[in-house]
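Index from 1, following the sequence. The structure displayed is predicted, hence computed values, not measured ones.
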Amino acid sequence: MKQIKTLVILLATMILLNSVDVAAQAKKAVEQISGGIVNGKAVLLPKPMYPEDARNARLSGTVKIQVLIDEGGAVISAIAISGIEHVSLRLAAEDAARKATFSPTKLSGQPVKVRGVIVYNFDAEKSNEERLRIMAIATFMSISRNFASDLKKFDEIFEGTNMFQEAVPEFPEFAKELKTLTSLERLTTDKRVEAIDNASVAIRAKLGPSDVWQFDVGETFGELLGQFMQLVEVPGTQPDLTKLDESSIKIKLGKMKDLTYSAPSDFPKDVLEKMKTFVEMSERKDLMTLENSRELLLKMMSIIETVSPDSTK
């Protein structure tokens with residue numbers, strides 16, 4: 001009897017120990033779960049820095065970082081597992097992932113570790129010149145309208161180049177509209193203005209809301225710039241700014257000011273700040289004094305240099 005009783009106790013103990021071991025294994029199994037792509041679950045997801053060497057190489061693409069998130073929501077490990085084969089980008093992505101935080105994940109009421117993947121998208125940063133193409137084409141169209149009655153002078157300012165022909169390959173998305181303007185010299189002044197206006201309307205109709213705003217700013221800026229350029233007697237010389245119509249300049253500055261203060265969020269901040277200091281000159285009483293008009297021209301040139309650095313060389 002004692003042997004049977006002892007055997008029963010031993011069996012019971014083994015069963016109990018086995019149950020504890022299974023429970024321990026089950027607990028261990030749920031201490032860590034897979035969370036898949038966890039970008040959308042982050043409380044804080046810092047953007048990675050864009051390394052200088054990657055920016056210079058204009059690299060774009062994704063980097064996937066496998067992260068282990070502890071019970072409190074902190075990232076305790078981050079390793080690049082796929083994506084762009086570029087050391088600097090991968091290191092930048094890993095560094096950003098380590099700084100991410102998440103809400104604690106619980107399973108059956110118990111906090112658990114989560115293994116997941118953070119996906120970072122790297123887009124090659126565009127220059128202001130590339131980001132402001134719409135402003136540039138609108139400015140150009142507006143300037144050309146100012147010279148509809150004197151295309152010869154317009155060509156002289158641009159060193160004898162047919163600028164509409166030059167613009168066709170530079171703006172392939174508007175090639176159809178620009179090609180209609182490559183032979184303006186055959187038309188009367190009124191027909192030239194009509195052709196330029198029609199092309200501008202057609203270009204604007206192709207744009208989304210943010211680009212429409214940029215087009216309207218460029219068009220107004222071109223009207224101002226065109227008035228300054230009209231005063232250039234000999235290409236390369238300084239214009240006589242005292243000949244400018246102050247009321248006309250102020251009206252255009254005011255229009256541009258209204259647009260400037262409704263800028264979309266993706267518009268380059270450095271250009272926007274220069275535009276604001278430029279349009280604020282509309283508040284000056286004697287805008288066309290030599291000192292003020294020169295300052296106006298300098299601020300205008302500063303905008304052009306920021307938008308297109310090569311244009312003023």
Side-chain angles (χ1 to χ4, degrees), residues 5-128 130-131 208-211 263-270 272-273:
K5 187 176 180 180
T6 301
L7 183 61
V8 170
I9 292 172
L10 286 172
L11 287 172
T13 303
M14 288 176 65
I15 292 171
L16 180 62
L17 288 173
N18 187 57
S19 299
V20 171
D21 186 55
V22 170
Q25 290 182 10
K27 182 180 179 182
K28 185 177 180 180
V30 299
E31 281 179 348
Q32 179 179 309
I33 63 172
S34 176
I37 304 296
V38 295
N39 291 59
K41 302 173 184 177
V43 174
L44 175 66
L45 189 63
K47 289 185 178 181
M49 292 181 61
Y50 199 104
E52 190 68 28
D53 57 341
R55 182 186 291 112
N56 292 337
R58 307 297 299 278
L59 293 177
S60 296
T62 62
V63 175
K64 292 184 178 181
I65 305 295
Q66 186 176 78
V67 293
L68 181 60
I69 305 164
D70 70 14
E71 293 87 346
V75 174
I76 54 179
S77 72
I79 301 172
I81 55 173
S82 66
I84 305 173
E85 294 288 345
H86 190 276
V87 175
S88 295
L89 283 180
R90 289 192 166 212
L91 290 174
E94 288 176 349
D95 184 60
R98 291 187 190 98
K99 298 172 183 175
T101 58
F102 298 80
S103 296
T105 298
K106 293 183 179 181
L107 190 64
S108 300
Q110 296 299 315
V112 294
K113 291 185 177 72
V114 177
R115 188 172 295 278
V117 174
I118 298 177
V119 181
Y120 290 108
N121 293 309
F122 288 92
D123 292 320
E125 293 185 355
K126 295 180 179 179
S127 65
N128 280 340
E130 293 172 303
R131 295 170 68 187
S210 180
D211 284 342
S265 59
D266 59 348
F267 192 76
K269 298 295 185 292
D270 54 343
L272 185 60
E273 287 307 310

**Q** How close do Ala263 and Leu272 get, heavy atom to heavy atom, and via which atoms?
**A**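 Scanning both residues completely, I find the closest heavy atoms to be CB-CD1, 3.7 Å.
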**Q** Out of curiosity, Ile81 CD1 to Glu94 CD, how far, rounded to the nearest 0.5 Å?
**A**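 Those atoms lie 10.5 Å apart.
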**Q** Specify the closest pair of heavy atoms between Ala97 and Val67, including all atoms of both residues, with the distance to one decimal.
**A**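 Closest approach of Ala97 to Val67: CB-CG1, 4.0 Å.
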**Q** Nearest 0.5 Å please: distance from the OG atom of Ser77 over to the CZ atom of Arg115.
**A** 5.5 Å
**Q** Who passes side-chain contact (heavy atoms from CB on, under 4.5 Å) against Pro104, sequence neighbours left out?
**A** none
**Q** Are more than 12 heavy atoms from other residues, nucleotides or ligands located less than 6.0 Å from atom NZ of Lys269?
**A** yes
**Q** Go through the structure and list residues passing side chain to side chain donor-acceptor pair (under 3.5 Å) with Asn121, not counting sequence neighbours.
**A** none
**Q** Rounded to the nearest 0.5 Å, what separates atom CG in Leu68 from atom CD1 in Ile79?
**A** 9.5 Å
**Q** Who pairs with Asp95 by salt bridge (Lys or Arg N to Asp or Glu O under 4.0 Å), at least two apart in sequence or on another chain?
**A**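 Asp95 satisfies salt bridge (Lys or Arg N to Asp or Glu O under 4.0 Å) with Lys99 only.
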**Q** Does any part of the side chain of Phe122, heavy atoms only, come nearer than 4.5 Å to the side chain of Val63, both counted from C-beta?
**A**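 In contact.
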**Q** Answer yes or no: is there a donor N or O on one side and an acceptor on the other, between the side chain of Asn39 and the main chain of Val119, under 3.5 Å?
**A**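 Judged by distance alone, yes, a pair lies under 3.5 Å.
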**Q** Any donor and acceptor pair, going by atom type alone, linking the side chain of Tyr120 with main-chain N or O of Leu89 inside 3.5 Å?
**A**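 It does not hold such a pair.
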**Q** Quick one: closest heavy-atom pair of Pro48 and Ala92, and the distance?
**A** CB-O, 3.6 Å
**Q** Minimum heavy-atom separation for Ile65 to Ala93, with atom names?
**A**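 Looking at all heavy atoms of both residues, the closest pair is CD1-CB, 3.7 Å.
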**Q** Run the side-chain contact (heavy atoms from CB on, under 4.5 Å) test on Phe102 and Val114 for me, step by step, so that the C-alpha distance in whole Å, both residues' side-chain angles and the decisive distance to 0.1 Å come before the verdict.
**A** CA-CA 10 Å; Phe102 298 80; Val114 177; over 6 Å; no
**Q** How far apart are the closest heavy atoms of Val75 and Ala100, and which atoms are they?
**A**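 For Val75 versus Ala100, the nearest heavy atoms are CG2-O, 3.5 Å.
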**Q** On a heavy-atom basis, which atom in Ser88 and which in Asp53 lie closest, and how many Å separate them?
**A** OG-OD2, 2.9 Å
**Q** Thr105 versus Ile69: any side-chain heavy-atom pair under 4.5 Å?
**A** no
**Q** Rounded to the nearest 0.5 Å, how far does CD1 of Ile118 lie from CZ of Arg98?
**A** 11.0 Å
**Q** Is any side-chain heavy atom of Glu85 less than 4.5 Å from a side-chain heavy atom of Arg90?
**A**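 Yes; the side chains approach each other to less than 4.5 Å.
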